Each structure stands twice: as structure tokens, then as C-alpha cells.
Amino acid sequence: MSSGAAWIVLLVAGLCEIGWAVGLKYTEGFSRLGPSAATLVAMVTSVVLLGWSLKVLPLGTAYAVWTGIGAVGTAILGILLFGESREVARLVSIGLIVAGIVGLKLLTPDTH
């Protein structure tokens, strides 16, 4: 797998992480079958894709980016779907996570 492909796989893994994190809200403690099944599929898919990306990307970078994508996406969807806080300090903090993700991507050498 090329470095570019590994980054794409990692992005999809992060998107799946957002899916399972938001999905947890809809499972109602894993008491609803459909949302629970979808959440579990997203969990497994996210971890498998993260593992694939680690064939090429450094562990620390990939894990930080994966969790960062999940954190930012989940926070944004929390605002949009569940009316969570939009206060400026929270939005700035989310922006700092995005800056960290971009920085890690830019500073990671192309190994393949």
C-alpha cells in the first residue's frame, strides 16, 4: 500500500469512528438491534482500517489522526444533531484538534 492510500484508508477509518461514536447515542445502551448492529459494524471496520493503515504509517501519527478525526467529527455532529454547545471556546478547541491533525499529516515523512 502506498503512503497516499494509507492516508485515505486512515481517513475512512476515522469516518467509521465518527459513525460508531454517534451510533452509540442511538443504541440506547445497546437495547435497539438496528442501531446496535450498525454501531458494531462501524467499530470493527474502523479498527480494521486503522490496522491496515499501520502497515505504512507510524503508529503514533496514525492513532492520533484517527482519534482526532473521530473527536472532531463527533463533536461537530453533536452540535448539529443533538444541539450541543456551540460556544466559541469549544469551537476554537475543535479547531486546535484539526490543526494538530493537519500538522501531523504534513510532518509525517512519505515512507513508501
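This is a predicted model, so every value here is computed, not measured. Only heavy atoms go into these numbers, but all of them, side chains included; no hydrogens, no water, no symmetry mates.
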_Are Tyr26 and Leu81 packed together at the side-chain level, in the sense that at least one heavy-atom pair is separated by less than 4.5 angstrom?_
yes

*Check: Ser46/Trp66 side-chain N/O donor and acceptor closer than 3.5 Å*: yes

*Which pairs, with at least one residue in residues 82-104 and sequence neighbours excluded, count as a side chain to side chain donor-acceptor pair (under 3.5 Å)?*
Glu84-Arg90, Ser85-Glu87

*Interatomic distance, Lys25 atom NZ to Thr74 atom OG1 [nearest 0.5 angstrom]*: 12.5 Å

*Could you tell me whether the side chain of Thr61 and the main chain of Pro58 form a donor-acceptor pair under 3.5 Å?*
no

*Please walk me through it: do Met1 and Val9 pass side chain to side chain contact (heavy atoms under 4.5 Å, CB included)?*
CA-CA 10 Å; Met1 172 180 337; Val9 168; 4.2 Å; yes

*With a cut-off of 6.0 Å (strictly less than), are more than 12 heavy atoms of other residues, nucleotides or ligands near CH2 of Trp52?*
no

_Contact summary for Leu54 and Ala62, nearest pair of heavy atoms_ = CD2-CB, 3.5 Å

*Quick one: closest heavy-atom pair of Ser31 and Ser36, and the distance?*
N-OG, 4.1 Å

*Do the side chain of Thr27 and the main chain of Leu24 share a donor and acceptor less than 3.5 angstrom apart?*
yes

*Identify the two heavy atoms, one from Ala13 and one from Leu49, that lie closest to each other, and give their separation to 0.1 Å.*
CB-CB, 3.5 Å

*asked:* Distance check, rounded to the nearest 0.5 Å: Leu15 atom CG versus Thr45 atom OG1?
replied: 12.0 Å

*asked:* Any heavy-atom pair between the side chains of Leu10 and Leu50 that's under 4.5 Å?
replied: yes

*asked:* For residues Val41 and Val48: do they belong to one hydrophobic cluster (side chain heavy atoms under 4.5 Å, members Ile, Leu, Val, Met, Phe, Trp, Tyr)?
replied: no

_Side chains of Leu91 and Ile79 in contact at under 4.5 Å (non-hydrogen atoms)_ = yes

_Would you say CG of Leu33 has more than 12 non-hydrogen atoms from neighbouring residues, nucleotides or ligands within 6.0 angstrom?_
no

_Trace of the side chain to side chain contact (heavy atoms under 4.5 Å, CB included) decision for Leu40 with Trp20_ = CA-CA 7 Å; Leu40 290 171; Trp20 74 254; over 6 Å; no

